[in-house]
Amino acid sequence: MSKKETFTLTKKLDHVAFIMDGNGRWAKLRGLPRYLGHREAMNRLEEIFEACREFNIKAASFYAFSTENWNRPQDEIDHLMDYLEEFFTKKIDYLCSIGARLQISGDINRLRPSTKQTCIEALERTKDNQNIVINVCLNYGGRDDIVRACKAIAQEYADKKVSLDDITENYFADHLYTHGLPDIDLMIRTSGEQRLSNYLLWQNAYSEFVFTPVKWPDFNRKAFIDCLKEFEGRKRRYGGLKNE
Ligand code: FPP
């Protein structure tokens, strides 16, 4: 058996966000239906959750289903929802064993009732866990997130619950689905595609982007460490001149 690579992260990394891309291509290369790429993708999650814990990351976001993914064939959508339901039921004990609290970003009301119900139960069962937040972006769109926050704040203003001066960046962030989570430090997209695809637009304002050619079903601890090494080499200036 090959020896587990040791790696020490010296940079602040509170929140990592993943775009788990390449599942369909991974399956096609093997002559399999696309949904089996998503199936294999699910099997990678625990290794990545554990690596996040190992590197003391406080929050990890995963783009599970975008507001645009409804345009996919119904059969693929159904399989994805089946896998999500399975995760939200069978993996809860596991999430609790690593102290993971689940957060869901996105409108779960449009999901089929059984998926919505498993989400609600999973949120409830993990709500007191404190080691790490696993933020699953589900029926999520970055623009939709921002518009919803604007509407909620406009309503508060109309109801005279908030003044214009109170509406700061922090106040706004508290109205996004990701409320309570630290800013994203690192955004990783697998499979070689180099775009953001409406993912956590506000939250990625100052994150470092790492694009890896590895397709998500092949993304493991070693591939994650390769991304972390690239992140380690980045100079983060947040628009200023001084290095962090
Ligand atoms: C992109 O690959 C991936 C998706 C649209 C869905 C990924 C979702 C999961 C694996 C579920 C994750 C669940 C949890 C609980 C975190 P693609 O199909 O667009 O790949 P392609 O570009 O090769 O076609």
Is the count of non-hydrogen atoms from other residues, nucleotides or ligands lying under 6.0 Å from E169 atom CD greater than 12? no
Near Y94 OH, under 6.0 Å, is it more than 12 heavy atoms from other residues, nucleotides or ligands? yes
Quick one: does R53's side chain have a donor or acceptor within less than 3.5 Å of a partner on I48's backbone? no
Ring center gap for F62 and Y140 short of 6.0 angstrom: no
Would a line drawn from the ring center of F55 to the ring center of F7 be shorter than 6.0 Å? yes
Could you check whether any side-chain N or O of E5 sits under 3.5 Å from a backbone N or O of K222, counting only pairs where one atom can act as donor and the other as acceptor? no
Single-linkage hydrophobic cluster L181~L13, side-chain heavy atoms < 4.5 angstrom: no
Got E232 and T10 here, is their nearest side-chain heavy-atom distance under 4.5 Å? yes
Can you tell me how the ring of F219 sits relative to the ring of F224, calling it parallel under 30°, perpendicular over 60° and tilted otherwise? tilted
Steps toward side chain to side chain contact (heavy atoms under 4.5 Å, CB included) verdict (S207, L186): CA-CA 5 Å; S207 59; L186 169 63; over 6 Å; no
Pi-cation contact, W202 with R143 (under 6.0 Å, within 45°): no
Test side-chain hydrogen bond (donor to acceptor under 3.5 Å, both in side chains) on H175 and E156 and set out the steps. CA-CA 11 Å; H175 289 73; E156 288 174 13; 2.8 Å; yes
Any side-chain donor near an acceptor of the partner, R148 and Y177, under 3.5 Å: yes
Are the side chain of D174 and the backbone of Y171 linked by a donor-acceptor contact shorter than 3.5 Å? no
May I ask you to decide whether D185 forms a salt bridge with K12, counting only side-chain N to carboxylate O separations under 4.0 Å? yes
State plainly whether one hydrophobic cluster holds both L80 and Y199, where clusters connect Ile, Leu, Val, Met, Phe, Trp and Tyr through side-chain heavy atoms under 4.5 angstrom apart. no
Dump the intermediate steps for side chain to side chain contact (heavy atoms under 4.5 Å, CB included) on S191 and V214, then the final yes or no. CA-CA 5 Å; S191 89; V214 177; over 6 Å; no
CD/Q74: more than 12 non-hydrogen atoms of other groups inside 6.0 Å: yes
Ion pair D93/R125, N-O distance below 4.0 Å: yes
Taking it one step at a time, do D144 and T67 satisfy side-chain hydrogen bond (donor to acceptor under 3.5 Å, both in side chains)? CA-CA 8 Å; D144 177 62; T67 45; over 6 Å; no
Kindly determine whether I167 and V162 satisfy side chain to side chain contact (heavy atoms under 4.5 Å, CB included), including the steps that lead there. CA-CA 8 Å; I167 303 171; V162 67; 4.0 Å; yes
Say whether H179 and Q103, considering side chains only, have a donor N or O and an acceptor N or O under 3.5 Å apart. no
Is the backbone N or O of D75 less than 3.5 Å from a side-chain atom of D78, with the two atoms forming a donor-acceptor pair by type? no
Would you say T126's side chain and L102's backbone share a donor-acceptor pair under 3.5 angstrom? yes
Considering only heavy atoms from C-beta outward, does the side chain of Y238 approach that of R236 to under 4.5 Å? yes
Is the shortest side-chain N to carboxylate O distance from E76 to R34 below 4.0 Å? yes
Keeping D21 on the side-chain end and R189 on the backbone end, is there a donor-acceptor pair under 3.5 Å? no
Lys/Arg N to Asp/Glu carboxylate O, E193 vs R25, below 4.0 Å: yes
N/O donor-acceptor pair under 3.5 Å between D107 side chain and N109 backbone: yes
If you measure from the Lys or Arg side-chain nitrogens to the Asp or Glu carboxylate oxygens, is any gap between E86 and K91 under 4.0 Å? no
Would I134 end up clustered with L176 when hydrophobic side chains under 4.5 Å apart are linked, directly or stepwise? no
Any C137 side-chain heavy atom under 4.5 Å of L200 side chain: yes
Do any N or O atoms from the side chain of S66 and from the backbone of N69 form a donor-acceptor pair under 3.5 angstrom? yes
Would you sort out whether T115 and F65 count as a side chain to side chain contact (heavy atoms under 4.5 Å, CB included), showing the intermediate values? CA-CA 13 Å; T115 311; F65 196 85; over 6 Å; no
Over-ring placement of R30 relative to W26, 6.0 Å and 45° cut-offs: yes
Salt bridge check, E208 against R234: does any charged N sit closer than 4.0 Å to a carboxylate O? yes
Taking D14 for its side chain and P182 for its backbone only, find out whether a donor-acceptor pair lies under 3.5 Å. no
Can any side-chain N or O of N204 pair as donor or acceptor with the backbone N or O of L201 at less than 3.5 Å? no
Identify the two heavy atoms, one from C52 and one from A60, that lie closest to each other, and give their separation to 0.1 Å. SG-CB, 4.0 Å
Is any side-chain heavy atom of H79 closer than 4.5 Å to a side-chain heavy atom of L36? no
Between C119 and L138, is any pair of side-chain heavy atoms under 4.5 Å apart? yes
